Amino acid sequence: MNFSEKIIDWYLKNKRELPWRETKDPYAIWLSEIILQQTRVVQGLDYYCRFLEAFPTIFDLAKATEEEVLKLWQGLGYYSRARNMHAAAREIVTTYGGMFPDNYSAIRSLKGVGDYTAAAISSFAFGLPYPVMDGNVIRVIARYFGIVAYCDKAEGKSQIKKALNAVFDIKHPAEFNQAIMEFGALQCIPVNPSCSTCILKENCVAFEKAMVKELPVKSSKTIIKPRYFHYLIIHDGDEIIIKQRGAGDIWQGLYEFPLIETSSETTPDEVMKHPDWKYLKGKHSWNILKIQSGVRHILSHRILHVTFYEIAGKIYRLPFGAKKIKKDNLQDYAVPVLIEKYLKQN
DNA sequence: AATACGGGGTG
DNA sequence: CACCCAGTATT
C-alpha cells in the first residue's frame, strides 16, 4: 500500500463520527471549517450545532444581524471569523443568489477563507483535488519526510507543500484530506505520539532518525505582553453602562463596561484620578460598592491584569459608542469571556 | 516576513 | 507553564 492507501485505510477504521462529515451541503461544511480554524474539534462541536440550528441555511445567516452572530459566537475567540463569515454569507446571497460558489478561486476569495479553508471546502463539498495543509498535515508530513526547515516560514511551508503534493491522492481528495488531518489529530499527535503502533513507521524518516520529538520545527515564540484594564461597572438604578469595542484591537464588536486602560500596574487611588475616570464621573457623586482586583485573563499573546469597580451612580456623559441598558438585557449582548466570567461570579 | 487575533486543553 | 489547535488578515 502507498501512503494514501495506508492513511485512508487507517482513517476508515479509526475516524471519529463528526456531524460535518455526514453532509455535502457546502454551507454546513463552510460553517464547520470557519468554526474549526485554530479551534479543537471538541470545542467547536457545540457551536457548529447551535449555528446550524439558529441558521439552517445561508439565507438565515445572511438575514441575521452581526450582533446576533457575535452573540452565538461568544466564547469561541478570534471574533473576526464571525464577522467575516457573516459578511461572506451576505456576499454569497447578493452576488451568487445564495448558491455557494463551487470552484476554488471563488471560494478562496470569500472573506475569512484562506488557502486551507478553500481547499477543505473544495474537496469536501465538491470533490475537487486540492490538498489541505493545516497544523495536523504539517506535522504528519514534516515527520514522515523528515523536513527540518522551519514549518512556519515560507521555505518550510514550500517544502511541506511539495512533499504533500507527492503523496496526495488526486482520485480521492476528500477522503485523503480527512484522513491525513484525522491521522494528525489522533495518531501523529504533537507530544508523545504512539509511534510503536503507527502504520507509517516503516517509511517515516523522523521515526527512523529518532527525530519525532523535534519535528515539526517552529521558529517564533509568541511574546506575551501585559495590559492593564480597569472596568467601571456603573449601576444607575436597574440600568448599566456598556460600550462596544471598536476596530484595531482585541474583541472587536463585543461589548464591555467602560474601560480605563493604563500602561502599567495602577492602584485604585490612582485610577480614580485618571482623566477618563473624571470625565465619566463628572459632577456626580459615585458610591464605590466594591473593587475586585487581581483578575488575570490570558490571550494567545496578551496577559490582561484586570480590576473591576462596582459603582453606584450616574454617568456624566456617555462616551462615544456607549449605551445605557437594563441590567436584565445584558445577556443579549456578546461579551468577552473575561466579562462573562465576572458576571457569573457576581 | 512578521504580527495580531481567543480561548481552552494537555503534559 | 509551554505548546498547540481543521488559520486568516493586516502591516
Side-chain angles (χ1 to χ4, degrees), chain A residues 11 15-16 18-21 29-48 70 73-85 87-88 107-125 130-140 142 150-158 174 176-186 188-193 213-214 216-225 227 245 247-254 296-304 334-341:
Chain A
Y11 172 67
K15 66 173 179 172
R16 294 166 288 185
L18 300 170
W20 45 84
R21 290 184 179 152
I29 290 167
W30 165 65
L31 194 57
S32 76
E33 292 302 339
I34 302 297
I35 286 174
L36 292 173
Q37 287 168 5
Q38 288 291 285
T39 303
R40 287 165 195 279
V41 162
V42 286
Q43 192 189 358
L45 199 47
D46 289 343
Y47 284 87
Y48 173 79
L70 281 173
W73 197 272
Q74 178 179 311
L76 243 197
Y78 286 162
Y79 296 91
S80 65
R81 289 184 291 170
R83 299 194 313 271
N84 287 334
M85 183 179 77
I107 295 169
R108 176 65 179 81
S109 68
L110 260 22
K111 274 191 177 182
V113 174
D115 290 343
Y116 162 77
T117 304
I121 299 171
S122 296
S123 61
F124 299 152
Y130 294 89
V132 294
M133 204 168 101
D134 74 332
N136 293 309
V137 175
I138 287 170
R139 186 170 54 255
V140 172
Y150 290 117
C151 70
D152 52 357
K153 298 206 165 185
E155 171 60 19
K157 275 201 167 55
S158 153
F176 177 90
N177 283 341
Q178 290 285 183
I180 191 168
M181 284 196 288
E182 191 78 334
F183 189 77
L186 300 182
C188 195
I189 54 179
V191 183
N192 292 329
K213 212 176 161 188
E214 340 293 332
V217 184
K218 296 195 176 180
S219 58
S220 56
K221 296 176 204 76
T222 51
I223 299 163
I224 300 181
K225 293 176 184 168
R227 292 177 73 172
R245 287 187 68 90
D249 202 350
I250 58 172
W251 300 332
Q252 182 183 338
L254 274 62
R296 298 183 340 143
H297 188 76
I298 314 275
L299 281 59
S300 53
H301 59 307
R302 295 278 181 266
I303 175 162
L304 275 28
V335 298
V337 165
L338 168 68
I339 303 289
E340 183 72 17
K341 281 183 177 167

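Lettering follows sequence order; numbering is per chain, from 1. Every value quoted in this text rests on a predicted model; they were computed, and no experiment measured them.
Among the protein residues, A/Leu76 comes within range of the nucleic acid bases, having at least one heavy atom under 4.0 Å from a base atom. Across all strands shown, A/Gly44 has no heavy atoms under 4.0 Å from either base or sugar-phosphate atoms.
A/Trp251 has a side-chain polar atom (N or O) that falls below the 4.0 Å cut-off from OP1 or OP2 of B/dG7. Using a 4.0 Å cut-off, some side-chain N or O of A/His301 falls inside it from OP1 or OP2 of B/dC5. At B/dG8, one or more side-chain N or O atoms of A/Lys341 fall inside 4.0 Å of OP1 or OP2 (strictly under the cut-off).
With sequence neighbours left out, the ring-ring contact (aromatic ring centres under 6.0 Å, His included) criterion links A/Phe124 to no other residue. Residues passing the salt bridge (Lys or Arg N to Asp or Glu O under 4.0 Å) test with A/Glu340, sequence neighbours excluded: A/Lys344. In this structure A/Tyr130 satisfies the ring-ring contact (aromatic ring centres under 6.0 Å, His included) test together with A/Tyr104, sequence neighbours excluded. For the side-chain contact (heavy atoms from CB on, under 4.5 Å) test, residues two or more places apart in sequence or in another chain that qualify with A/Ser80 are A/Arg83, A/Asn84. Partners of A/Asp152 according to the salt bridge (Lys or Arg N to Asp or Glu O under 4.0 Å) rule, which considers only residues two or more places apart in sequence or in another chain, do not exist here.
Remark: side-chain polar atoms of A/Arg245 are paired, donor with acceptor, to backbone N or O of A/Ile250 under 3.5 angstrom.
Two residues, A/Lys153 and A/Gly248, neighbour DNA chain B, and the one matched to the more 5' nucleotide by heavy-atom proximity is A/Lys153. Nucleotides of DNA chain B nearest to A/Ile223 and A/Ile298 differ in position, and the one nearer the 5' end is that of A/Ile223.
When the nucleotides B/dA4, B/dG11, B/dA1 are ranked by their closest atom to the side chain of A/Asn192, B/dG11 comes out on top.
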Residues A/Asp249, A/Arg227; criterion salt bridge (Lys or Arg N to Asp or Glu O under 4.0 Å); working and verdict = CA-CA 12 Å; A/Asp249 202 350; A/Arg227 292 177 73 172; 2.9 Å; yes

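Between the P atoms of C/dA9 and B/dG8, the separation comes to 24 Å (whole Å). Between C/dA6 and B/dA4, the two P atoms lie 24 Å apart (nearest whole Å). Comparing the P positions of B/dG6 and C/dT11 gives a spacing of 15 Å, expressed to the nearest Å.
To the nearest angstrom, C1' of B/dG8 lies 15 Å from CG of A/Leu338. Remark: C1' of B/dG6 and CG of A/Leu304 are 11 Å apart, rounded to the nearest angstrom. Between the CZ atom of A/Arg296 and the P atom of B/dG7 there is a distance of 15 Å, given to the nearest Å. Residue A/Asp152 contributes atom CG, which lies 11 Å from atom P of B/dT3 at whole-angstrom precision. For the pair A/Arg81 CZ and B/dA4 C1', the interatomic distance rounds to 14 Å; values are reported in whole Å.
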Classify every nucleotide of nucleotides 2-11 of chain C by which part a protein heavy atom approaches to under 4.0 Å, writing B for the base, S for the sugar-phosphate alone and - for neither, in 5'-to-3' order.
-> --BBBBSS--

